[in-house]
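Right, I'll just put the structure down here and ask away after.
Whatever order the structure lists them in is the order used to number ligands and atoms, beginning at 1.
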Amino acid sequence: MVMIIDGAAVAKRIRAELAQQVLGEKLSPGLAVVLVGEDPASQVYVRNKSRAASEAGIESWQHTLPAETTQAELLALVDNLNKDAKVHGILVQLPLPRQIDAQTVIAAISPDKDVDGFHPVNAGRLSLGLPSFVPCTPQGCMILLREALPDLAGKRAIVLGRSNIVGKPVAQLLLQADCTVTIAHSRTRDLAGECRRADIVIAAIGKPEFVKGDWIKEGAVVIDVGINRIDDVVNTGKTKLVGDVDFAEASKRAAAITPVPGGVGPMTIACLLRNTVLGARQAG
Ligand code: GUN
């Protein structure tokens, strides 16, 4: 029987632990979330982040700027947040509108408040194996992976996708855990064959049900990062969320798999809150 890894339950446990730590250590963590424009998916994420923060005893401020905000205006806000002692974490929701260069904005965030772990200093420290803010979704993937597979040493892991947000940092974390890591992408030859050799599959490509059941080795652990909204015309006539993996087929072969929704998604927020508490502790 396949183990369904319950990300919602693990995330809930982490948030409860954080709430206890905040109280016990008398911390007053603060998280500033910046949203530019009106991307509906981003609006939902940002609202969920604010709610979860307040439940964990973390104060949060939401800065919503119009879609036509200039880069200079956004940089001015980031500068103010860098200087604000009540703010321990700054999150600028991606993607940003065309006129704003995301890398410039990320580099302007103080590395000590970079709870996304996207700043070049934190990305560099991660790749050197030094303490750093670890990006939230990759952190969540590793926690769920260890729920199913506590000993990762020597395992063959494949990461599908090479983004700065998920693919590259999760590959670094797998390497640190002594996995043998392959990073596959749109130009990879024989993707199915590469997948079939893997004991661990991390799917982060953003294509609905792209990874087929017969790409999964018997007994592999599958972590599905994808959150894709598709039409469910046949069953309900409405839309539904699916991952990057064909869940029904992959479940027949995998030893463990994360569902969508209720897998990696809730973990991203829990890890963001964790990083914010870390930031507050370090600012102490
Ligand atoms: N957009 C999608 N995922 C993320 C994330 O983890 N952080 C930020 N800032 N933007 C995102």
Side-chain angles (χ1 to χ4, degrees), residues 7 11 14 31-53 58 60-65 67 69 71 74-75 77-78 81-82 87-98 100-111 113-123 126 132-144 159 161-173 202-207 223-229 241 243-244 258 260-261 263-276 278-279:
I14 291 173
L31 171 67
V33 177
V34 181
L35 176 60
V36 185
E38 282 159 16
D39 177 49
S42 291
Q43 283 176 333
V44 174
Y45 289 143
V46 167
R47 211 177 313 128
N48 288 341
K49 282 169 187 167
S50 300
R51 180 160 6 105
I58 297 171
S60 75
W61 302 273
Q62 188 175 323
H63 299 265
T64 308
L65 305 179
T69 300
Q71 181 165 303
L74 180 54
L75 290 173
L77 172 60
V78 167
L81 297 172
N82 282 340
V87 173
H88 305 104
I90 302 171
L91 180 141
V92 178
Q93 185 68 35
L94 304 178
L96 288 165
R98 257 195 313 275
I100 300 178
D101 178 56
Q103 284 308 326
T104 303
V105 175
I106 289 166
I109 297 171
S110 163
K113 299 190 178 188
D114 170 38
V115 284
D116 262 326
F118 295 164
H119 191 286
V121 164
N122 283 314
L126 179 67
S132 67
F133 280 118
V134 176
C136 306
T137 302
Q139 207 182 130
C141 289
M142 294 303 290
I143 295 171
L144 294 186
V159 178
R162 54 175 154 180
S163 73
N164 293 338
I165 295 183
V166 183
K168 285 182 204 163
V170 83
Q172 292 290 356
L173 294 171
I202 314 271
I205 38 186
K207 292 187 181 164
I223 306 291
D224 190 348
V225 182
I227 301 179
N228 310 289
R229 189 166 286 283
L241 291 179
D244 289 349
T258 61
V260 177
V264 175
M267 292 298 292
T268 298
I269 294 181
C271 293
L272 171 70
L273 302 181
R274 188 190 225 200
N275 281 351
T276 305
L278 205 66

Seminar exercise, completed: Logged contact type for V92 with ligand 1, heavy-atom cut-off 4.0 Å, is backbone

Exercise. Within the side chain of N122, is there an N or O that forms a donor-acceptor pair under 3.5 Å with the backbone of D116?
Worked result: no

For this session: Mind listing the closest non-hydrogen atom pair of I269 and A52 along with its distance?
Result: CG2-CB, 3.5 Å

Problem set entry | Test item: S42 side-chain N/O and E38 main-chain N/O as donor-acceptor pair under 3.5 Å | no

Problem set entry | D244 (side chain) donor-acceptor with V225 (main chain) under 3.5 angstrom | no

For this session: Using distance alone, determine whether F118 and ligand 1 share an N or O pair under 3.5 Å.
Result: no

Exercise. So, does Y45 sit close enough to ligand 1 that a heavy atom of it is under 4.0 Å from the ligand?
Worked result: no

For this session: Measure from the side-chain N and O atoms of D114 to the backbone N and O of I106, and report whether any donor-acceptor pair falls under 3.5 Å.
Result: no

Exercise. What do you reckon, does P95 have a nitrogen or oxygen under 3.5 Å from a nitrogen or oxygen of ligand 1?
Worked result: no

Exercise. Taking only heavy atoms of L91, which atoms of ligand 1 are found under 4.0 Å from at least one of them?
Worked result: 9 (N)

Seminar exercise, completed: For Q139 and V134 the tightest heavy-atom approach is NE2-O, 3.0 Å

Exercise. Quick check: does T268 get an N/O under 3.5 Å from an N/O on ligand 1?
Worked result: no

Exercise. Does D116 reach ligand 1 with a nitrogen or oxygen that is under 3.5 Å from one of the ligand's nitrogen or oxygen atoms?
Worked result: yes

